[in-house]
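Working notes, beginning with the structure itself.
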Amino acid sequence: MGFLKEFKEFAMRGSVIDLAVGVVIGGAFGKIVTSLVDDIIMPPIGFITGGVDFSSMKYVIKAADEAAGVAEVAITYGNFINVLIQFIIIAFCIFLVIKGINSLKREEPAEPEAAPAPTKEEALLAEIRDILKNK
């Protein structure tokens with residue numbers, strides 16, 4: 001029973017719950033970014049490049065043969081380009097979030113303390129020095 005109790009304490013700790021919420025939100029954010037890349041960013045890029053659809057770009061190593069039941073073997077580098085763009089967008093968004101959090105945490109640099117007032121001895125010595133200079 002000690003093992004189950006220890007696991008329950010671990011699972012109910014705040015940081016584990018925060019992590020679970022972060023994973024769920026991250027998964028949803030990933031779907032949003034995938035849609036952004038596939039539906040909004042890639043069509044104009046395809047239009048600019050003459051109607052090229054990156055997701056269908058591939059290098060066929062072995063063509064499919066339906067009669068023999070052989071599937072196509074291909075390197076789908078276009079899909080890799082889409083995933084790379086998605087990664088760059090996600091990394092940029094995370095960078096902005098972390099930068100925002102760090103700017104909130106940054107403390108203002110402490111102003112240098114004013115020089116302490118001179119002691120009576122120092123003030124008297126400075127006065128004597130000034131009198132001697134004037135003579």
Side-chain angles (χ1 to χ4, degrees):
M1 277 306 218
F3 180 77
L4 291 176
K5 182 179 178 186
E6 187 177 341
F7 178 74
K8 180 182 174 187
E9 289 175 8
F10 169 76
M12 298 316 252
R13 194 176 308 152
S15 59
V16 173
I17 294 171
D18 292 342
L19 179 63
V21 170
V23 168
V24 171
I25 290 175
F29 184 69
K31 290 180 182 179
I32 291 170
V33 171
T34 300
S35 176
L36 175 71
V37 170
D38 293 342
D39 302 331
I40 296 175
I41 294 175
M42 294 313 286
I45 291 175
F47 178 74
I48 291 170
T49 59
V52 176
D53 180 15
F54 284 100
S55 62
S56 64
M57 296 177 84
K58 59 186 171 185
Y59 176 75
V60 178
I61 297 173
K62 183 178 179 185
D65 186 8
E66 291 183 25
V70 177
E72 178 182 71
V73 178
I75 298 173
T76 55
Y77 63 90
N79 189 40
F80 176 74
I81 293 171
N82 281 349
V83 171
L84 189 63
I85 292 171
Q86 291 172 7
F87 170 77
I88 290 169
I89 291 171
I90 290 173
F92 182 70
C93 290
I94 290 173
F95 168 75
L96 291 177
V97 167
I98 297 299
K99 184 174 172 123
I101 290 171
N102 286 342
S103 70
L104 293 175
K105 288 183 177 179
R106 251 184 236 144
E107 295 180 13
E108 297 285 327
E111 292 183 24
E113 294 182 20
T119 63
K120 289 182 182 179
E121 271 185 351
E122 290 172 339
L124 184 59
L125 288 172
E127 193 175 313
I128 294 170
R129 179 197 64 212
D130 293 341
I131 292 172
L132 290 173
K133 271 187 189 177
N134 291 336
K135 286 189 175 185

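- E122 is linked by a salt bridge (Lys or Arg N to Asp or Glu O under 4.0 Å) to nothing, counting only residues two or more places apart in sequence or in another chain.
- Across P118 and A123, no two heavy atoms sit closer than the pair CB-N, 4.4 Å.
- With rounding to the nearest 0.5 angstrom, the CG atom of N102 is 6.5 Å from the CD1 atom of I98.
- Note: the hydrophobic cluster containing I61 does not contain V70 (ILVMFWY, side chain heavy atoms under 4.5 Å, direct or indirect links).
- Counting only heavy atoms from C-beta outward, the side chains of I75 and K58 never approach each other to under 4.5 Å.
- The hydrophobic cluster around L124 extends to I128, L132, counting ILVMFWY residues whose side-chain heavy atoms fall within less than 4.5 Å of a member.
- Each of F87 and I40 belongs to its own hydrophobic cluster when Ile, Leu, Val, Met, Phe, Trp and Tyr are linked at side-chain heavy-atom distances under 4.5 angstrom.
- Counted within 6.0 Å of CZ on F80, heavy atoms from surrounding residues, nucleotides or ligands total 12 or fewer; the atom is thus considered open.
- When each of V83, I88, I81 is tested with I85 by the rule side chain to side chain contact (heavy atoms under 4.5 Å, CB included), just one qualifies, namely I81.
- Atom OH of Y77 and atom CE of M57 lie 3.5 Å apart (nearest 0.5 Å).
- The CG atom of L84 sits 10.5 Å away from the CD1 atom of I89 when rounded to the nearest 0.5 Å.
- Rounded to the nearest 0.5 Å, atoms CG (D130) and CG (L125) are 11.0 Å apart.
- With values rounded to the nearest 0.5 angstrom, K99 atom NZ is found 8.5 Å from S103 atom OG.
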